[in-house]
There are 2 protein chains.
Amino acid sequence: MKTEQSISQRLHGNLKEMIAGTKTGDRLPSEPELARRLGVSRATLREAMRTFETQGLIHRRHGAGTFVTRPSQVIESGLEVLESIETLAKRIGMQVSMGALHVDHRLATPEEANALGLATGCKVLHLSRVILAEGQPAAYLVDVVPEDLLAQSDLDEGFTGSVLDLLLHKKSLALSVSRCDITATNASVEVARLMSIQRGDVLLQFVAYLYTPEGRVVDYSFSYFLPGYFRFHVVRRVG
Amino acid sequence: MKTEQSISQRLHGNLKEMIAGTKTGDRLPSEPELARRLGVSRATLREAMRTFETQGLIHRRHGAGTFVTRPSQVIESGLEVLESIETLAKRIGMQVSMGALHVDHRLATPEEANALGLATGCKVLHLSRVILAEGQPAAYLVDVVPEDLLAQSDLDEGFTGSVLDLLLHKKSLALSVSRCDITATNASVEVARLMSIQRGDVLLQFVAYLYTPEGRVVDYSFSYFLPGYFRFHVVRRVG
DNA sequence: CAGTGGTCTAGACCACACG
DNA sequence: GTGTGGTCTAGACCACTGA
């Protein structure tokens with residue numbers, strides 16, 4: 001046997017077993033206790049736990065503990081068609097809810113103004129909210145919309161979490177396509193806090209521009225997805 | 001002023017300035033020196049450096065130092081059409097080369113056999129290689145192909161890094177589409193070493209199945225992209 | 001060989017949750 | 001208050017590079 005492994009690799013395996021052997025929803029031992037039991041320092045333990053958090057297998061709650069979560073279903077979607085997460089979830093019969101909605105009227109930043117084709121200083125509506133899948137934070141969505149397109153009254157009439165669905169219901173507005181840039185990123189301090197994950201955790205990120213048939217951008221959005229809860233795919237034709 | 005910031009946030013800013021003020025290709029001070037100068041511990045410094053490595057702004061070389069790299073051009077591509085990175089790079093006039101090619105004949109794992117629609121125990125060809133953009137590792141690609149489709153002679157006749165281009169040149173083989181799953185992941189120990197990035201660094205990951213018109217899978221591939229070097233996008237029509 | 005980044009440790013202190 | 005996870009430190013040791 002030449003199974004030399006680094007401490008972190010062995011630890012990864014040990015943790016995987018331990019998580020597998022814990023019932024969904026149960027709490028793991030505390031970090032100092034777990035570190036002692038597995039014979040590693042707390043720093044090393046926490047580093048190893050990151051990947052499991054990314055996969056949605058554990059969920060840490062500051063002050064409360066680390067819990068085993070095990071997403072029972074992934075949200076799967078093709079990227080050819082733009083659909084709201086709510087519509088998508090409903091279609092596949094998955095439980096999704098909205099948490100921590102923040103609505104804000106403010107002046108567009110130069111970047112936002114540029115993206116939306118507005119003059120600097122125009123007012124925009126900022127909408128940010130966390131999407132909970134089976135009660136766990138799974139995505140964080142931010143939409144920036146020109147203020148003249150979406151009034152407060154539109155939101156009061158029942159906002160369920162999807163700006164897209166709201167815009168689709170406005171009969172006066174036609175939508176055509178969305179251009180979506182896809183990348184991977186580390187969770188910033190802010191996003192990490194809102195999704196209650198660790199700063200630096202890996203997230204799939206979409207930056208999207210929603211167009212009218214005339215070519216006007218009516219929604220500029222950032223979406224952050226915890227990889228374990230989603231599976232996005234695209235069919236590519238051979239060039 | 002109520003600009004309270006955590007140490008890590010302040011550090012992030014300091015580092016950003018320092019990198020911006022360093023010429024491309026130059027070496028940064030050593031980690032102990034940098035940590036002392038910025039008034040933080042080495043662990044905190046290294047954590048803060050991760051994001052810059054992800055963005056392709058710095059490049060660490062074990063035993064040699066940390067260098068400022070600054071990718072002069074990103075590789076941008078739509079996902080509707082499948083193109084090899086080499087073809088893509090050539091089209092936009094970017095310098096791309098191949099490093100660390102590994103070719104291996106082996107028995108298909110159960111997972112690979114399943115993906116390729118083979119019986120367990122069939123032989124497959126494993127091809128893995130690193131893609132260098134401007135001399136820096138930017139992507140790591142792994143292709144698994146049934147052995148009857150790609151002989152050693154095909155490779156000897158000049159393999160430039162793209163399995164897709166190789167398959168396209170086989171007149172006996174027709175290709176139709178590729179199904180591509182997109183996710184974000186942490187660099188494993190192996191991938192991190194090959195791309196000379198840190199274990200745990202964030203990568204964009206594609207898992208793809210290449211089909212013939214008859215529906216046979218002829219290539220099962222994993223691709224890992226360092227976010228700073230690539231920009232992938234897709235146009236989504238409104239449902 | 002000296003100097004660099006890669007890994008790991010032990011421990012401190014803080015912020016938050018829950019009874 | 002007690003116990004949890006979140007952050008940060010100082011330092012050790014190893015593996016690698018390059019003169």
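Letters A, B, ... are given to chains in the order of the sequence lines, protein chains preceding strands, and every chain is numbered from 1. Side chains included, hydrogens not; waters and symmetry mates left out as well; all remaining heavy atoms used.
- Rounded to a whole Å, the CG atom of B/L11 is 14 Å from the P atom of D/dT7.
- Ion pair A/R37/A/E33 flagged as a salt bridge, since at least one NZ, NE, NH1 or NH2 atom sits closer than 4.0 Å to an Asp/Glu carboxylate oxygen.
- Screening residues 27-55 of chain B for ring-ring contact (aromatic ring centres under 6.0 Å, His included) gives B/H12-B/F52 as the qualifying pairs, with residues at least two apart or on separate chains.
- We find that CZ of A/R36 is positioned 16 Å from C1' of C/dT9, with the value rounded to whole Å.
- Residues of residues 16-25 of chain A having a heavy atom closer than 4.0 Å to DNA chain D: none are found.
- Distance NE2 (B/H12) to P (D/dC8): 14 Å, rounded to an integer number of Å.
- Between B/T44 and D/dT9 there is a side-chain polar atom (N or O) within less than 4.0 angstrom of OP1 or OP2.
- Judged as a side chain to side chain donor-acceptor pair (under 3.5 Å), the pairs with a partner in residues 62-75 of chain B (not counting sequence neighbours) are, in order, B/T24-B/R70, B/S72-B/E134.
- Evaluation of the ring-ring contact (aromatic ring centres under 6.0 Å, His included) test over residues 28-49 of chain B, restricted to residues two or more places apart or in two chains, returns none.
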(Q) Between B/Y140 and B/F222, does the ring-ring contact (aromatic ring centres under 6.0 Å, His included) criterion hold? Intermediate values first, please. (A) CA-CA 8 Å; B/Y140 174 63; B/F222 291 79; 9.9 Å; no
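- Atom P of nucleotide D/dG6 and atom CD1 of A/I197 are separated by 11 Å, given to the nearest angstrom.
- Rounded to an integer number of Å, the gap from CZ of A/R193 to C1' of D/dG5 is 16 Å.
- When the side-chain nitrogen and oxygen atoms of A/R199 are compared with OP1 and OP2 of D/dG6, none of them lie within a distance under 4.0 Å.
- Counting any heavy atom pair closer than 4.0 Å across all strands shown, B/R27 reaches sugar-phosphate atoms only and no base atom.
- Residue contacts shown for B/G200 are absent, as no nucleic acid heavy atom lies under 4.0 Å away.
- B/L164 is listed as a side-chain neighbour of B/L82, based on a closest heavy-atom distance under 4.5 Å.
- Atom CZ of A/F52 is separated from atom P of D/dG5 by 16 Å (rounded to the nearest Å).
- Whole-Å rounding puts the B/L28 CG to C/dG5 P distance at 9 Å.
- For C/dC8, the OP1/OP2 oxygens have a side-chain nitrogen or oxygen of A/S8 closer than 4.0 Å.
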Expected string for nucleotides 10-19 of chain C under the B/S/- scheme (protein heavy atoms, under 4.0 Å, primed atoms plus P, OP1, OP2 as sugar-phosphate) is --B--BBSS-
Table please: side-chain donor-acceptor pairs of residues 185-193 of chain B below 3.5 Å, with sequence neighbours left out.
{"residue": "B/N186", "atom": "ND2", "partner": "B/G200", "partner atom": "O", "Å": "2.7"}
{"residue": "B/S188", "atom": "OG", "partner": "B/V191", "partner atom": "N", "Å": "3.2"}

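- Atom pair A/E47:CD and C/dT7:C1' shows a separation of 10 Å (rounding to whole Å applied).
- At a threshold of 4.0 Å, the pair A/E53-A/R50 does not count as salt-bridged, since none of the basic side-chain nitrogens sits closer than that to a carboxylate oxygen.
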- CA sep, side-chain torsions, deciding dist, call: B/Y224, B/F206, ring-ring contact (aromatic ring centres under 6.0 Å, His included): CA-CA 7 Å; B/Y224 300 90; B/F206 289 180; over 10 Å; no
